[in-house]
Amino acid sequence: MPRLIAPDVSYHSSWLEGSAEFDGVHRDGGGAEDWSLEELRDAQSFRRFVETLINDASPESPRKPGRVPCTYLWIVEGETFIGSLAIRHELNDYLLNEGGHIGYSVRPSARRRGHAATALADALHIARDLGISRVLVTCHEKNIGSRATIEKNGGIYEDSRKGKRRYWLDTA
């Protein structure tokens with residue numbers, strides 16, 4: 001059964017394997033945009049990366065302009081890294097129109113097994129505990145799998161903006 005955990009250095013090799021499956025394609029919810037896969041092969045760099053992800057939840061943590069506090073989580077099953085999920089604590093203009101509160105990615109070899117739906121359901125409880133009563137989750141217009149995941153979790157479609165479907169979900 002997959003579960004959400006805080007990023008953990010013990011998943012280093014499995015994280016690398018899962019990340020390699022994306023073959024350079026953007027992974028929503030991963031937090032690795034500023035790190036190269038090559039750099040993260042190094043254990044010390046990976047440890048710094050994990051610490052950065054964990055610390056990003058604190059409003060006091062330094063972050064780039066336009067970024068908001070974010071709780072990063074990993075979807076794991078046993079010792080295997082399945083994917084990433086990010087809960088953004090607030091919405092700025094970009095997140096309101098395109099990114100949403102929650103973003104997630106599941107490694108290609110683990111898709112179509114319900115991992116994203118389970119992770120999103122679990123993330124709604126965490127978002128509620130963070131004080132977020134309604135979350136915005138978005139997906140690309142053509143991403144039928146993500147659309148089904150959001151709708152399965154009770155997402156109410158509001159509209160589409162810049163090629164992204166926007167859904168609101170209650171966390172209660």
- Item | Heavy-atom pair of closest approach, residues G30 and Y72 | C-CE2, 4.1 Å

- Message: Looking at E33, I'd like to know if its CD atom is crowded, meaning that more than 12 non-hydrogen atoms belonging to other residues, nucleotides or ligands lie closer than 6.0 Å.
- Response: yes

- Task: In sequence, state the C-alpha distance, the side-chain angles, and the governing distance for F46 and W35, and then conclude on side-chain contact (heavy atoms from CB on, under 4.5 Å).
- Result: CA-CA 9 Å; F46 190 76; W35 304 78; over 6 Å; no

- Message: Is it the case that the side chain of R107 and the backbone of E21 share a donor-acceptor pair, with hydrogens and angles ignored and the cut-off at 3.5 Å?
- Response: no

- Message: For residues 58-74, which residue pairs pass the salt bridge (charged side-chain N to carboxylate O under 4.0 Å, His left out) check, not counting sequence neighbours?
- Response: D34-K64, D34-R67, D56-R63

- Message: As an exercise, state the distance from OG1 of T118 to CD of E77, rounded to the nearest 0.5 Å.
- Response: 9.5 Å

- Co-membership, hydrophobic cluster, residues I54 and F49, 4.5 Å side-chain: yes

- Message: Would the distance check show the side chain of D170 and the main-chain N or O of A172 forming a donor-acceptor pair, the cut-off being under 3.5 Å?
- Response: no

Scan the side chains in residues 1-12 for donor-acceptor partners under 3.5 Å anywhere in the protein, sequence neighbours excluded, and list what turns up.
from, atom 1, to, atom 2, distance (Å)
D8, OD1, S10, N, 2.8
D8, OD1, S10, OG, 2.9
Y11, OH, G78, O, 3.0
H12, NE2, L40, O, 2.8

- Hey, quick one: are V135 and L91 part of the same hydrophobic cluster, counting side-chain heavy atoms closer than 4.5 Å, chains of contacts allowed? no

- Message: To the nearest 0.5 Å, what is the distance between CD1 on I132 and CG on L169?
- Response: 12.0 Å

- Query: Which heavy atom of E39 sits nearest a heavy atom of S45, and at what distance?
  - Reply: O-CB, 3.2 Å

- residues 107-131 vs ring-ring contact (aromatic ring centres under 6.0 Å, His included), sequence neighbours excluded, gives none

- Message: Salt bridge check, E51 against R47: does any charged N sit closer than 4.0 Å to a carboxylate O?
- Response: no

- Message: Looking at every heavy atom in both I102 and A123, which two are closest together, and how far apart are they?
- Response: CD1-CB, 4.1 Å

- Message: Could you work out, with ring-ring contact (aromatic ring centres under 6.0 Å, His included) as the rule, every residue matching Y157, not counting sequence neighbours?
- Response: Y167

- Item | Side-chain (R166) to main-chain (G100) donor-acceptor, under 3.5 angstrom | no

- Which atoms form the tightest heavy-atom contact between H89 and I87, and what is the distance? CD2-O, 3.2 Å

- Task: Using atom types as modelled and distance alone, determine if a side-chain donor or acceptor of T149 lies under 3.5 Å from a backbone N or O of A116.
- Result: no

- Message: Pair I82, V106 - check side-chain contact (heavy atoms from CB on, under 4.5 Å), show working.
- Response: CA-CA 6 Å; I82 302 292; V106 172; 3.9 Å; yes

- Answer yes if L124 and I75 sit in the same cluster of Ile, Leu, Val, Met, Phe, Trp and Tyr residues linked by side chain heavy atoms under 4.5 Å apart, and no otherwise. yes

- Item | Within residues 90-103 or reaching into it, pairs that qualify as side chain to side chain donor-acceptor pair (under 3.5 Å) - sequence neighbours excluded | N97-R161

- Query: Can you hop from F22 to F81 via hydrophobic side chains spaced under 4.5 Å?
  - Reply: no

- Item | Euclidean distance, I156 CD1 relative to R134 CZ, rounded to 0.5 Å | 9.5 Å

- Check the pair I150, C139 against side-chain contact (heavy atoms from CB on, under 4.5 Å), reporting the backbone distance first and the verdict last. CA-CA 9 Å; I150 297 166; C139 67; 4.0 Å; yes

- Only pairs at least two apart or in different chains count here, so list each side chain to side chain donor-acceptor pair (under 3.5 Å) that has a residue in residues 135-146. Y104-S146, E141-S160

- Shortest non-hydrogen contact from E158 to W168? OE1-NE1, 3.3 Å

- Item | Nearest heavy-atom neighbours spanning N153 and A117 | ND2-O, 3.2 Å

- Do the side chains of L130 and L95 join up, straight or via other hydrophobic residues, at under 4.5 Å, putting them in one cluster? no

